Amino acid sequence: MESLYNPKIIEPAIQARWQAEKTYQVTENPDQEKFYCLSMLPYPSGALHIGHVRNYAIGDVISRFHRLNGKNVLQPMGWDAFGLPAENAAIKNKVPPAKWTYDNIEQMRLQLLSLGFAIDWSREFATCQPDYYRWEQQMFVRLFEQGLVYNKSAVVNWDPIDETVLANEQVVDGRGWRSGALVERREIPQWFVKITDYADELLDELDNLPQWPDAVKIMQRNWIGRSTGVELGFQLQDKDDVIKVFTTRPDTLLGATYMAIAAEHPVARQAAQHNQELAAFIEQCKAAGSTTADIETAEKLGIATGLFAVHPLSGELVPVWVANFVLMGYGTGAVMCVPGHDQRDGEFARKYGLPIVQVIKPADPDKAVDVQQEPYTDYGILINSGNYDGMTSEQAFEAVADDCAGKGMGKRQTNYRLRDWGVSRQRYWGCPIPMIHCRACGPVPVPEDQLPVILPEDVEFMGVQSPIKADPEWRKTTCPKCGGAAERETDTFDTFMESSWYYARYCCPGADSMLDERADYWLPVDQYIGGIEHAILHLMYFRFFHKLMRDAGMVHSDEPATRLLCQGMVVAETFYREDQGGQKTWYSPTEVELEFGDKNRIISASLLSDGQPVEVGAVEKMSKSKNNGVNPQDMVDKFGADTVRLFTLFAAPPDQSLEWSDSGMEGAWRFLRRVWNGVYEHLQSGRPGVVEVDNLTSEQQEIRRLLHDTIAKVSDDIERRYTFNTAIAAIMEFLNHLQKFTDNSATGLGVAREAWLAVTRLLAPITPHLSEQLWQELGQQDDLQQAGWPVVDETARLRQQVTLVVQVNGKLRGRLELAPGASQEQALSLAQSDENVSRHLEGKVLRKVIHVPDKLLNLVVS
RNA sequence: GCCGGGGUGGCGGAACUGGUAGACGCGCUGGAUUCAAAAUCCAGUUCUGGUAACAGAGUGGGGGUUCGAUUCCCCCCCCCGGCACCA
């Protein structure tokens, strides 16, 4: 055995063996329990970042743990290859998006290989390959035929200078990021998939996901936002139009004093034809941002249309306003406003001097309410509501709903905040939407035998215009229905489409249909791992698509993933200098030297190159723009993959953000070297003898007790708790004890051998290269995989003594060592004879004794 | 603005079901080794007072429940993620 730990030699050798022996390639084996461990597939940006390393290190620990426990573990990898960055890179570097993407994949695959993940690479694919996306086109065509796909106009960000649609992130302070033009809201026809048809199931099924984080389930519940209420019609005065609204508070209906409609509402448009002021306001609304955050943070503005609607119950006339906080895409594009009992309606009414009427009073008569100042939004008792006076809100809800229904003015309805999934993108680098527009027949799906509609890859992509939109030849086709000249759809799919079913395709490489029977063996995913930023959108589409595939008979479970782990971001310190113009230049932490003052607080930072000071910024998510990223490849080259893996797992629990630390890396490196040296010295100490567990010294018993406590803790931390940081801490703690155990008798060496063999395997999911090497050095004939995960010897864990904490009035005053199972009387008399405890009891009366056996004794005195 | 998460020593974090706050690691201090340095090893390290034993304070701030609260409840502050075209 080499005396020095040298990962540069052992890691590539072991990786080469894994590759040659296809160690991690798996096939369906009905006789073996399967475990499908999936990490979210990366976007091939060109360089692996620490966030990827963290994600895949977590997945690898879980995969390897279950492999060691005898399961048939599938851990695949692929590439989320369509998307906006490839187009941006193409413009910048004058390289076709496809070439840029494939080159990046090559680089990133090498980086992943050097980290030693137990991945079945034979299943790899990129989502931009026609062999992949053709099945998603087929799915879309079938959904269209089932009526689950429809076309409607929806708002996009329009850049009037570049004449292109911008993504939300391409809009900076209301302007196009390249052109600087003020961005407009514009409506264009787009394709939608009816996810709302599955809203109830997506909501209710969350209760069947006990192993998903509560945070994710709560966010999804709120996102779907199911509410029950009443849809009401307000007849316009002297017109045929009826404005429909939805309300969850029909009990407040008599308090409705005005209505608000969206700028895009047909009634608003019509009214604007004879009202210049209104037309100008509608134009102004178009110029505002379109995201929910923009709308809800913007100042609430409105204007009267001059129209009045008839209140469905009172028959009174209420004014109709256009307001910037009502959106056409939501519900009916109109709301009834009850300023006495709704926060936003109240603010708006006070601002524009609209009448406020109280119709609910608190059930508690002592509670003072002045709705002119502050709306009362809770349920209560009805007042000023005619026949409904005196009813509770709950009773009035039913009565009002019934009465409106009776008059034909409304109906009970379930409403969702969730909107249908708009899948159209006006971009080139995406999966072509397989539709044909025929003048005679309207939209017609591409027949299945003509799929896939292939995206041309060898294109010049110099500007903002999509090459398939710019090329009249690509568009030209014939209508499958009438045979006449027709045009292809030139929009492409939202990339969430590809990432919604890749997990299933991994199960069936090369299948000549979307999926085949192999999917039944592997699905559902047993463990899914990815960033918390995907808690709503991706994970909702992923669950939705699984249900679509289930209803198409392709999969036979209701949910795609049984257990979910969301990891936090990777953050690092930032440093910058600001010039006179306020422009910040960001410096990499590697270029900066820190000076520490009193209590090791950072007092100043300076640039290594010129010695001049730099400002210390916030600790932020690693990014190119803040120049605070760390290249994992540099770290692997310097310390080896095992050290990088160990540090990223040790520095924080997986669901919290991870702060990068160079010295922390060195600590991880030091630990692995201590493990190596420990095995080396153990092997030098002589031949281990047989361990007879009934015939051990107390020291030998103690080290075995600590070992088996450690095995139990590490197993639980990895399998149930996912706290890899505490698992590693427990191994470190045990190593500290093991190094002090210097019993070189034959039995002592036997106990030490048992410990080293266990430590090697406990570390195997985390530092697989080191563990495999040490396993061999320890003279094992079988490979580590066959030996499996260490087994806990419960009898070794039995304690002779436990520590009982003694408190007086809740304050720690002493500790007692006693045999487990001691009674309260025994504990109390021992405690009273303790010097420090009795000092605090002196002159006091014992009022109460609280005894938690083998843990704590609290003496309450006065 | 709305939804979700977080805040504990100089730093990353631990305390799993209401029961010893600070495990483990980093950093720092002192010592051993060395011609010297690196590396390694040993000891110490929440704060205040005390040689020490020990005492007091302490988990973002304020209040509450409890024999006992980092943990449960109420109010507030700050940071992070998401908000439907970044992935």
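Per chain, numbering begins at 1; letters A, B, ... match sequence-line order. Below, each value reflects all heavy atoms present in this structure, side chains not excepted, and no hydrogens, waters or symmetry copies. Because the structure is predicted, anything quoted here is derived from the model rather than measured.
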Write down the distance separating the C1' atoms in B:C78 and B:C42, rounded off to the nearest Å. 43 Å
What is the distance from CG of A:D655 to P of B:G7, rounded to the nearest Å? 11 Å
Would you tell me whether A:S153 and A:Q190 have side-chain atoms, one donor and one acceptor, within less than 3.5 Å of each other? no
Counterpart residues, side chain to side chain contact (heavy atoms under 4.5 Å, CB included), relative to A:R721 (two or more places apart): A:K713, A:D716, A:D717, A:T723, A:T726
So which of A:F542, A:Y541, A:Y198, A:Y150 actually passes ring pair (Phe, Tyr, Trp, His ring centres under 6.0 Å) with A:W421? A:Y541
Say you pick atom P in B:C16 and the same atom in B:G60; how far apart are they, in whole Å? 16 Å
Starting at the 5' end of RNA chain B, what dot-bracket string do you get if Watson-Crick and G-U pairs under 3.5 Å are bracketed, crossing pairs use [ ], other-strand pairs use | and unpaired bases use dots? (((((((..(((......[....)))((((((.......))))))((((....))))..(((((..]....))))))))))))....
Classify A:W421 by what it touches in the nucleic acid, base, sugar-phosphate, or nothing, heavy-atom distance under 4.0 Å. nothing
By side chain to side chain contact (heavy atoms under 4.5 Å, CB included), which residues pair with A:V570, not counting sequence neighbours? A:I50, A:R54, A:M622, A:L658
Taking atom P in both B:U46 and B:A21, what distance in whole Å separates the two? 14 Å
Please classify the nucleic acid contact of A:Q190 as base, sugar-phosphate, or nothing, using heavy-atom distances under 4.0 Å. base
Would you mind classifying the nucleic acid contact of A:V849 as base, sugar-phosphate or nothing, using non-hydrogen atoms under 4.0 angstrom? nothing
For A:D717 and B:C24, what is the distance between atoms CG and P respectively, to the nearest whole Å? 15 Å
Atom-to-atom span, CH2 of A:W212 to P of B:G4 - whole angstrom: 18 Å
Is the glycosidic torsion of B:G64 within 90° of 0, making it syn, or is it anti? anti
Nucleotide B:G12, atom C1' - distance to CG of A:L658 in whole Å: 9 Å
First encountered from the 5' end of RNA chain B, between A:T297 and A:S424: A:T297
note: A:E733, atom CD; B:G22, atom P; distance rounded to Å ~ 13 Å
Give the rounded distance in Å between these two atoms: CG of A:L735 and C1' of B:G25. 13 Å
Answer with base, sugar-phosphate or nothing: what part of the nucleic acid does A:L418 contact at a heavy-atom distance below 4.0 Å? base
Look at A:N168 and B:C83 and indicate whether a side-chain polar atom (N or O) is within less than 4.0 Å of OP1 or OP2. no
Heavy atoms only, 4.0 Å cut-off, all strands: where does A:L84 land among base, sugar-phosphate and nothing? sugar-phosphate
Could you run down the sub-3.5 Å N/O contacts of the protein with nucleotides 64-73 of chain B?
unit_1	atom_1	unit_2	atom_2	d
B:C67	O2	A:N858	ND2	2.5

Between B:U48 and B:G9 - P atom distance, rounded Å: 15 Å
Please list, pair by pair, any protein nitrogen or oxygen found under 3.5 Å from a nitrogen or oxygen in nucleotides 39-46 of chain B.
unit_1	atom_1	unit_2	atom_2	d
B:A39	O3'	A:R673	NH2	3.2
B:U40	OP1	A:R673	NH2	2.7

Between B:C80 and B:C26, how many Å separate the two C1' atoms, rounded to a whole number? 24 Å
Output one line per pair: protein atom, nucleotide atom from nucleotides 50-59 of chain B, and distance, for all N/O pairs under 3.5 Å.
unit_1	atom_1	unit_2	atom_2	d
B:A55	OP1	A:R813	NH1	3.0
B:A55	OP1	A:H840	NE2	3.3
B:G56	OP1	A:R813	NH2	3.4
B:G56	OP2	A:R813	NH1	3.1
B:A57	OP2	A:K811	NZ	2.7

Starting from P on B:A87, measure out to CG on A:L41 and report it in whole angstrom. 12 Å
Given the C1' atoms of B:G58 and B:U70, what is the spacing between them in whole Å? 11 Å
Classify A:A535 by what it touches in the nucleic acid, base, sugar-phosphate, or nothing, heavy-atom distance under 4.0 Å. nothing
Could you check whether A:Y43 gets within reach of a base, just the sugar-phosphate, or nothing at all, counting any heavy atom under 4.0 Å? sugar-phosphate
Could you state the atom-to-atom distance from CD of A:Q567 to C1' of B:G81 in whole Å? 13 Å
